[in-house]
Structures are given as structure tokens and as C-alpha cells.
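One structure is given below, encoded as C-alpha cells.
Numbering of residues begins at 1 and proceeds along the displayed sequence. The structure displayed is predicted, hence computed values, not measured ones.
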Amino acid sequence: MRGRGLKHGAALLTAFTAATAVTTGCGQGSDDKGTGTATPPRTTTTTTPPPTTTTTPAVQRFEARVTKVTAADLKHSWREGCPVPPSGLRMIQMTYWGMDERPHPDGRLVVNAQAADDLVKVFRRLYDMRYPIRRMEPVDAYKGSDFDSIEANNTSAFNCRNSTGGTRWSQHAYGLAVDINPCENPYVSSSGEVAHKDCVKFRNRQRRDPGVIHDGDRVVKAFASIGWEWGGHWSGIKDYQHFSSTGR
């Protein structure tokens, strides 16, 4: 019986050892290269997004259109007896560069018919140089009041009126004068007075604010290219906003 028990125990030990060997061969041992199953490495695909392109919007080009006007278009700025009839005037509808550094397509300037094409060339140059203009509309928007137009810092041309403080027709009455940014470029009397309180600071011509015109700058040269002179060159009185075909 004892020998039978020993044989039986030896058989159990042999079976246990064999089972352990089988278990070790199922990927647990690092030495059994013949029976292991290799797992292929994962391939990671990286998608590179296309480069981002920033498109700068094109700045609006200068455009201008010259049209005829009638007395009905000028009910506050023209009357019987004015030196030029409505048929001798033209409306320039054009793009101008604003104080907000953006193009404005709704500029309107009433001028003498004979000067219209030349003035289109000048304002094209001002637009290309990004010279800023506060606003541009006929003085009829202010019921013909030159004072109110200046208060609004409005760039204008034709207005059938006398020269400031005089009894003769202004060059504006012929449509042969333009006032540009009249606040930044005020009319200064011989005693140094400026009639518009918000514009008094611009009596100092050393200022470099947007829209301020200086002697010999590109604005003065643009008007000089068509033979127009600047009121900033006057002696005594200075009319820094004023350009005209006669220099008056």
C-alpha cells in the first residue's frame, strides 16, 4: 500500500509540472519565441491641416461721376442774380477717404462745370494719399448756411454768397472755390480770431492732427497741379480751408 501511494504521488507531481509548463508557454515567458503571437504596432495617421490663408479685402477704388444740376437741386444755395446759372454748375459724386480711415462712396460737391474734371483729378489724388475728410455734401444740406456747414466740419464748394466780410461775390458763388475740413483748417481773422469755438485749437498750425493742411504739403500741391491757390498763403487773414482758381 505504501509503494502504491508513492507511485500515485509521483504521478500527481508529474501532471502538475506538465500543466505548469503549458501555462508558461502562452505568452507569459520571454524565452519561447516559437509559440508567441506577435502584435503588429499601431500606425497613427496625422492629418496636417492646409495652411490658413488670410485674404485682405481690397480697398474700394476711387470713383467719380459728374452730373448736371437744376435750380431745384440748389434751392438754398442759388437764386436769381447769382453770377453762374445752374446750367453752368455740376455735381461731382465721388468716393472720399474718411476720418474713420474708411472709404465713403457718397461724397457730393457742386462746382463750376469748367472745373469739374480738374477737381476730380485733385480728389482722386487726395483719396490715393488717404487724406481724410470729415464729410462732403452740398451746403444745401445746411439750408445754404456757410456757418452751419463749417460747424459740421463739412467740405463744400458752390454757395452763392459774398466773400467773408466783403461785398463782392465770393469765388464760391462761381463754383470756383473749395473749403476742405474747415474746422481743422479754420478761417483766421487778421486779429487771430476763429469764429467756431471747437476749431480755435487749430489756429496753431504746428498741429499734426488728421486733415490739417500745411504749407507745401501734398494737399497744397494737388490743388497747385490744376493752378488753384491756397488761402493759407494770404497775408493778414488766413483761410486755411480755402482753395480757389483765382487765389482769392
Whether D217 side chain and H214 backbone form a donor-acceptor pair below 3.5 Å:
yes

Just so I know, are the side chains of F202 and D209 near enough to count as touching, which here means a heavy-atom distance under 4.5 Å?
yes

Take the angle between the ring planes of F223 and F243 and call it parallel below 30°, perpendicular above 60°, tilted in between.
parallel

Minimum-distance pair of heavy atoms, taken over all atoms of I133 and M136
CD1-CE, 3.9 Å

Report yes if the side chains of R65 and M94 come closer than 4.5 Å at any heavy-atom pair, otherwise no.
no

Residue pairs fulfilling disulfide bond (SG atoms under 2.5 Å apart) with at least one residue in residues 164-194, sequence neighbours excluded
C183-C199

Taking it one step at a time, do I92 and V111 satisfy side-chain contact (heavy atoms from CB on, under 4.5 Å)?
CA-CA 8 Å; I92 305 175; V111 302; 3.8 Å; yes

Whether N185 side chain and G211 backbone form a donor-acceptor pair below 3.5 Å:
yes

Side chain to side chain contact (heavy atoms under 4.5 Å, CB included) partners of S225, counting only residues at least two apart
R125

With sequence neighbours left out, the residues meeting ring-ring contact (aromatic ring centres under 6.0 Å, His included) with H196 are F147

Any disulfide bond (SG atoms under 2.5 Å apart) pairs touching residues 76-172, not counting sequence neighbours?
C82-C160

CZ of R130 to CH2 of W97: how many Å apart, nearest 0.5 Å?
4.5 Å

Pairs involving residues 104-116, ordered by first then second residue, that meet side-chain hydrogen bond (donor to acceptor under 3.5 Å, both in side chains) (sequence neighbours left out)
D100-H104

Between CZ of R124 and CE of M129, what distance do you get to the nearest 0.5 Å?
13.0 Å

Under the criterion side-chain contact (heavy atoms from CB on, under 4.5 Å), I'd like the reasoning laid out for V188 against E193: C-alpha separation, chi angles, the key distance, then a yes or no.
CA-CA 6 Å; V188 183; E193 294 180 1; over 6 Å; no

Any chance you could measure I213, atom CD1, to Q241, atom CD, to the nearest 0.5 Å?
9.0 Å

Between Y96 and R134, which heavy-atom pair has the shortest distance, and what is it?
OH-O, 4.0 Å

Hey, what do you get for CZ (F158) to CH2 (W78), rounding to the nearest 0.5 Å?
8.5 Å

D239, V194, I150, D179 screened by side-chain contact (heavy atoms from CB on, under 4.5 Å) with Y187, the one that passes:
D239

Stepwise side-chain contact (heavy atoms from CB on, under 4.5 Å) check, R135 with M99:
CA-CA 9 Å; R135 57 171 48 85; M99 290 286 186; over 6 Å; no

Is the shortest heavy-atom distance from the side chain of D73 to the side chain of M91 under 4.5 Å?
no

Side chains of N162 and S170, donor plus acceptor under 3.5 Å
no

So, applying side chain to side chain donor-acceptor pair (under 3.5 Å) with D140, which one of S77, S145, S149 is it?
S77

Note: V69 and R90 closest approach over all heavy atoms is CG1-C, 4.3 Å

Is there a donor-acceptor contact under 3.5 Å from the side chain of T155 to the main chain of N181?
yes

With heavy-atom distances below 4.5 Å as the criterion, would you say the side chains of V59 and Y127 are in contact?
yes

Can you tell me which residue pairs pass the disulfide bond (SG atoms under 2.5 Å apart) test with a partner in residues 99-154, sequence neighbours excluded?
none

Side-chain touch N153/E184, heavy atoms, less than 4.5 angstrom:
yes

Side chains of H172 and N159, donor plus acceptor under 3.5 Å
no

Heavy-atom side-chain proximity of Y174 to T246 below 4.5 angstrom
no

Checking R102 now: which residues fulfil side-chain hydrogen bond (donor to acceptor under 3.5 Å, both in side chains) with it, not counting sequence neighbours?
none

Which residue pairs pass the disulfide bond (SG atoms under 2.5 Å apart) test when at least one of the two sits in residues 83-150, sequence neighbours left out?
none

Step through the shown structure and confirm whether more than 12 heavy atoms of other residues, nucleotides or ligands are within 6.0 Å of CZ on R218.
no

Do you know the tightest heavy-atom contact between P103 and Q60?
CG-CB, 4.0 Å

Taking ring-ring contact (aromatic ring centres under 6.0 Å, His included) as the definition, give me every residue that meets it alongside Y131, ordered by chain and number, with sequence neighbours left out.
none

Quick one: closest heavy-atom pair of A64 and V120, and the distance?
CB-CG1, 3.9 Å

Check: K75 side chain, A71 main-chain N or O, donor-acceptor pair, under 3.5 Å
no

Taking side-chain hydrogen bond (donor to acceptor under 3.5 Å, both in side chains) as the test, write out the residues that go with Y142, two or more places apart.
E137

Heavy atoms, side chains only, cut-off 4.5 Å: are L126 and I180 in contact?
yes

Flag the pair W228 / V220 as yes when at least one side-chain heavy-atom distance between them is below 4.5 Å, and no otherwise.
no

Specify the closest pair of heavy atoms between G98 and P132, including all atoms of both residues, with the distance to one decimal.
O-CB, 3.7 Å

Is there a donor-acceptor contact under 3.5 Å from the side chain of T95 to the main chain of E63?
yes

List in chain and number order the residues that pass side-chain hydrogen bond (donor to acceptor under 3.5 Å, both in side chains) with D146, two or more places apart in sequence or in another chain; answer none if no residue qualifies.
none

Would you check, one step at a time, whether the test side-chain contact (heavy atoms from CB on, under 4.5 Å) holds for Q171 with S245?
CA-CA 8 Å; Q171 291 302 299; S245 64; 4.3 Å; yes

Connected via hydrophobic side-chain network under 4.5 Å: W169 and I237:
no

Report whether V178 and I226 are members of the same hydrophobic cluster (ILVMFWY, side-chain heavy atoms less than 4.5 Å apart, transitive linking).
yes

Between W230 and Y240, is there a donor-acceptor pair closer than 3.5 Å when you use the side chain of the first and the backbone of the second?
yes

Would you please name every residue forming a salt bridge (Lys or Arg N to Asp or Glu O under 4.0 Å) with R205, sequence neighbours left out?
none

